[in-house]
Amino acid sequence: MAIGKRIRFFRNRKGMTQKQLGEILGFLGKTSDVRMAQYETEARTPKHDLVKEMANIFDVSTHALTVPDIDTYIGLMHTLFALEDIHLHVHV
């Protein structure tokens with residue numbers, strides 16, 4: 001799953017709008033929801049510092065937001081955790 005979809009998933013899981021998340025991250029006015037929409041559609045890629053801030057807001061590891069390398073044990077585990085989260089919340 002790409003980073004944009006993960007951002008949207010965790011944002012929705014927290015019950016936040018794009019505007020609310022953008023404002024918490026420091027984007028002001030109209031730029032807050034526009035910037036978040038760009039990240040979620042992957043028109044823009046958030047820098048690592050911003051990914052860290054989002055992970056803190058969502059209370060997840062930065063690995064949960066970034067696209068893991070499933071060729072490594074840690075990457076595979078984070079992918080499985082993300083899939084479990086998605087499927088548990090979709091069926092609830």
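This structure is a prediction, so every number in the text was calculated from the model and none was measured.
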J.: With rounding to the nearest 0.5 Å, note down the distance linking CG in Asn12 to CD1 in Ile7.
T.: 12.0 Å
J.: Of all heavy-atom pairs between Gly29 and Lys19, which one has the smallest distance, and what is that distance?
T.: O-NZ, 3.3 Å
J.: According to side chain to side chain contact (heavy atoms under 4.5 Å, CB included), who are the partners of Thr31, at least two apart in sequence or on a separate chain?
T.: Phe27
J.: Could you list the donor-acceptor pairs under 3.5 angstrom formed by side chains in residues 33-44, with sequence neighbours left out?
T.:
residue : atom : partner : partner atom : Å
Arg35   : NH1  : Tyr39   : OH           : 3.4
Glu40   : OE1  : Arg8    : NE           : 3.4
Glu40   : OE1  : Arg11   : NH2          : 3.0
Glu40   : OE1  : Gln18   : NE2          : 2.9
Glu40   : OE2  : Arg11   : NE           : 2.5
Glu40   : OE2  : Arg11   : NH2          : 3.2
Thr41   : OG1  : Ala37   : O            : 2.9
Thr41   : OG1  : Gln38   : O            : 3.4
Glu42   : OE2  : Gly4    : N            : 3.2

J.: Report, one line per pair, each donor and acceptor closer than 3.5 Å where one atom sits in a side chain of residues 45-61; sequence neighbours left out.
T.:
residue : atom : partner : partner atom : Å
Asn56   : ND2  : Lys52   : O            : 3.4
Ser61   : OG   : His63   : N            : 3.0

J.: What is the distance from atom CE of Met77 to atom CD of Glu84, rounded to the nearest 0.5 Å?
T.: 9.0 Å
J.: Below 4.5 Å, heavy atoms only, C-beta onward: do Met16 and Ile24 meet side chain to side chain?
T.: yes
